[in-house]
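Some notes on the structure that comes next.
Here the structure is a predicted model, which means the values were calculated and not measured. In this chain, residues are counted from 1 in sequence order.
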Amino acid sequence: MADNVQAKTKKEEISKVVKEEEKETKTAKKVVEKEEKKEEKKKKVTKKKKEEKTEESPEKTDEVEEVVEEEATKDEPKKAEESGEIKEENEEKTEEVAVDVIEEKVEIIEDQVEDTKPEEAKEEAPIDNAEKEVIPEETHEEKKIEEVNKMTVEEEVKEEVDEEVVEKLEEVKEQSEPETPEPEVKKEEKKKKVTKKKKEEKTEEMTSLENQIKMYEETMETVRSGNIVEGNIIRVDQTEVLIDIGFKAEGIVPISEFGEDVEIKVGDKVSVYIVNREGRNGRPYLSKKRADIQKTWQELEEKSKTNEVITGTVAKRVKGGLIVDVNGINTFLPASQVSTKTLPNLDHFVGKELDFRIINYNREKENIVISRKIVIEKEVEKQKEDLMEKLQIDAEIDGVVKNIMEYGVFVDLGGIDGLLHISDMSWGHITHPSEMLNIGDKIKVKVLDFNKDSEKVSLGLKQLVPHPWKNIEIKYPEGSKVEGKVTNLTNYGAFVELEKGVEGLIHVSEMSWTKQITHPKQVLKVGDAVNAIVLNVDKEEHRISLGLKQVEPNPWLTIGVTHPIESTVTGKIKNITNFGAFMEVEKDIDGLIHISDLSWTKRIMHPSEILKKGQEVTAVVLSIDRVMQRIALGLKQLQDDPWEKIEECFPINSEHEIEVIKIITKGALVLADKDSGIEGFIPTSHLGIPGLEEPEFAFDPKEVIPVKVIEADKENRRLIFSVKTYFFGRDEDEVNAFVQDHLEKIKERRRQKVEKASEKKATREAAEKTTKEAAEKATKEVAEKETKETDSSEK
């Protein structure tokens, strides 16, 4: 509304000035018409004089001077008249010049007014999708200031018009000063020169004035809202930059639009966008950011037509893709156009600067869709073409580890992926490719084979170095001592790496002279540094046999000297088995005490009945087998064999009272001699009880019973007794008493057995009853609970 009122007042002022100027132009036209009539009269007089001169005779030379003097005297009043005419002519020219100047100033004021019309002020270029800039609105006071400024401009224009009129008048006065009389011919020449000079000066003035007007019109045409112009920086403040764009006032650009990293210097040229031709204090309001954005839109439009690559920075992640900032313009990168492969997460692209191509450009909707996938595909195609040209077998090329699998590594060669199999990675043994390489590693590989049609390339890494098994027999001769590192353990031995690509095997049988090694982990572990002896080298099979025990001397070669047969040795029991006990003879050498060599007389069912692990005992060396690496020891051999005198101590039919040791199914074991520990046996049929089937019910341990010797065998170490033979021929009362006593034991023990069985049965039945009752109770509770739930659900 304020703009409309201001424009209206400007129109009224202009109309007044125009009316005044129209009056002045009318008077000026009349003056010009008078001047033209006077010029015509003057031309006629001059022509007539020339004709009169030509009619005079050339022979009257003497009278020439007199005539000239007379003419001079006659011409004085004419000169006065001519001077008067010149004055009038000068006055008319002055009026004419004043009219021209006024018309020029009026045209300038009209152009300024037209530029400030509300319709044109409202014209602004479309604002891009970049950040909208806020144009400061003029306050009421600022509008008043602008009106005062315009009034002063009009006064200045009038003053300039008056000054120019004065200058023109002075020039006319100089021209109108009286001159001394001269001859007619010289006068005419001088007059022509003056006229010519005036015309030239007038044409120059008109030309310069036209040029100025043209330049001003061009400037006013360029400096319009919505245009992009180039200007020079003339001042840099803390908040704004002043730029000269060839307008009547310098433009203002906020310093924030230049960016923090940009160095702003006075004199630099910069392109700006005219937001408002006359903003605050009459200065144009400019924007560098909009100019940059407009140029960017134009560049993007050209590049969309030519399919050129553009560069942008990923700003943020949105639904369906990414927003990419291209020089201040937001573009959309769909998720399907981010890469040639499907990526589950796009967040790691934020903040990265990448190359793209425009696939959809719409300036009206301010919509640009870009693609990174196309750029990658083009690059990959070019890389493939370049790679295929230089790819050949045995060529060494650089690559980057792209993916690691159990069977090998995929290497990106620049558009084509090659496979580096685990078997071609090292001459040595590796269990997984990750032991040597990681994703992203840059490596040099050798081309082993390739197929252009299928684009499959086989690569090798170990082929870049010489084969380590070349001249292996010279580096590792048999019998030499070597040092290595344990890399792997198996059930049958340990692999030792002597150098990269060269491994030897220490078999489990070659690990110790004395220990019975069942697994290598008993002696070694992965990573151990060991010394070994080279036993055998097979170059063709790539095998080296190593020995660990051969580093030290074999103790079995001297064991017969240190521990001869029948000598005694003392040591600790290290292990007990069903068949005997192992005793330590010396470090890592054990001897076996067999169960049969524990006692001369006792019937031992297990060695643990006599010996314990860790117990220190003394034994006799019975035999040494160096080949089988065995030593036999005996414990009973420390005493004489009592069975040698068994026939003397227990002759046949001799009677004895002996102690029952143990009742077994076939009879009873008895202790024949407490001192020697000799034991005898009584069969069930010789226990003296008729029809005895359960001897364990008839006799108690440690019960002393009378017996008679019926067999004594020294060779087979067997001594058999009989109770039945003892009572044969004895008094019947003694026999009946023995039999009756043991029958009562049998009867009592059977009754106890039945009672125990009844008790067990009753206990079992009670437990079963309790279990049954508990189950019934639980079933009843479950049924009641279900009934309640059904009733509640029905309600």
Are Thr487 and Glu503 linked by a side-chain donor-acceptor pair shorter than 3.5 Å?
yes

Donor-acceptor pair, distance only, cut-off 3.5 Å: does the side chain of Trp513 make one with the backbone of Gln629?
no

Is Glu679 salt-bridged to Lys674, cutoff N-O under 4.0 Å?
no

Nearest-0.5 Å distance, OG of residue Ser623 to CZ of residue Arg630
10.0 Å

Measure the CG-CD1 distance between Asp597 and Ile595 for me, rounded to the nearest 0.5 Å.
10.5 Å

Side chains of Thr568 and Thr618: is there a donor and an acceptor less than 3.5 Å apart?
no

Any side-chain heavy atom of Val660 sitting closer than 4.5 Å to one from Val704?
no

Grab the two heavy atoms, one from Asp417 and one from Lys402, that are nearest each other, plus how far apart they are.
OD2-NZ, 3.0 Å

Sequence neighbours excluded, which residues qualify as ring-ring contact (aromatic ring centres under 6.0 Å, His included) partners of His542?
His467, Trp469

Heavy atoms, side chains only, cut-off 4.5 Å: are Val447 and Asp394 in contact?
no

Tell me if a side-chain donor or acceptor on Lys708 pairs with a main-chain N or O of Phe728 at a distance below 3.5 Å.
no

With a 4.0 Å cut-off, would you call Glu776 and Lys780 a salt bridge?
no

If you apply the rule salt bridge (charged side-chain N to carboxylate O under 4.0 Å, His left out), what do you find for Arg751 with Glu755, and how did you get there?
CA-CA 6 Å; Arg751 186 184 61 79; Glu755 288 179 356; 2.4 Å; yes

Could you tell me if the side chain of Leu719 sits less than 4.5 Å from the side chain of Glu711, heavy atoms only?
no

When you compare the side chains of Glu657 and Tyr726, does any donor N or O come within less than 3.5 Å of an acceptor on the partner?
no

Are Lys714 and Trp643 in a cation-pi setup, meaning NZ or CZ lies under 6.0 angstrom from the ring centre and within 45 degrees of the ring axis?
no

Any side-chain heavy atom of Leu687 sitting closer than 4.5 Å to one from Lys724?
no

side-chain contact (heavy atoms from CB on, under 4.5 Å), paired with Val621, selected from Val569, Ile559, Val585
Val569

Suppose we call two aromatic rings close when their centres sit under 6.0 Å apart. Are Phe721 and His686 close by that rule?
no

Short side-chain donor-acceptor distance under 3.5 Å, Thr518 and Gln522
yes

Rounded to the nearest 0.5 Å, what separation is found between the CH2 atom of Trp600 and the CD atom of Gln639?
9.5 Å

Short side-chain to backbone donor-acceptor contact, Asp538 and Glu541, under 3.5 Å:
yes

Between CD on residue Glu497 and CG on residue Asn488, distance to nearest 0.5 Å:
11.5 Å

Taking the side chain as every heavy atom from C-beta outward, state whether Val496 and Leu546 have any atom pair closer than 4.5 Å.
yes

Where is the tightest heavy-atom contact between His606 and Asn578, given as atom of each residue plus distance?
NE2-OD1, 3.0 Å

Roughly how far, to the nearest 0.5 Å, is the CG atom of Asp424 from the CG atom of Leu464?
11.0 Å

Going by heavy atoms in the side chains, are Met583 and Lys574 under 4.5 Å from each other?
no

Paired with Ile682, the side-chain contact (heavy atoms from CB on, under 4.5 Å) test is passed by just one of Leu669, Ile663, Ile658, namely Ile658

Is Leu524 close to Leu548 at the side-chain level, that is, under 4.5 Å between some pair of heavy atoms?
yes

Those residues that, when tested against Asn653, pass side chain to side chain donor-acceptor pair (under 3.5 Å) (two or more places apart)
none

Side-chain contact test, heavy atoms from C-beta onward, threshold under 4.5 Å: evaluate it for Val400 versus Val411 and give yes or no.
no

Stepwise, does the salt bridge (charged side-chain N to carboxylate O under 4.0 Å, His left out) test hold for Glu696 with Lys745?
CA-CA 10 Å; Glu696 67 273 12; Lys745 286 183 178 181; over 6 Å; no

Interatomic spacing from CD1 in Ile689 to CG in Asp741 - rounded to 0.5 Å
8.5 Å

By ring-ring contact (aromatic ring centres under 6.0 Å, His included) - contacts of Phe727 (at least two apart)
Phe738

I'd like to know if the side chain of Thr490 reaches the main chain of Gly493, judged simply by a donor and an acceptor atom lying under 3.5 Å from each other, with no hydrogens or angles considered.
yes

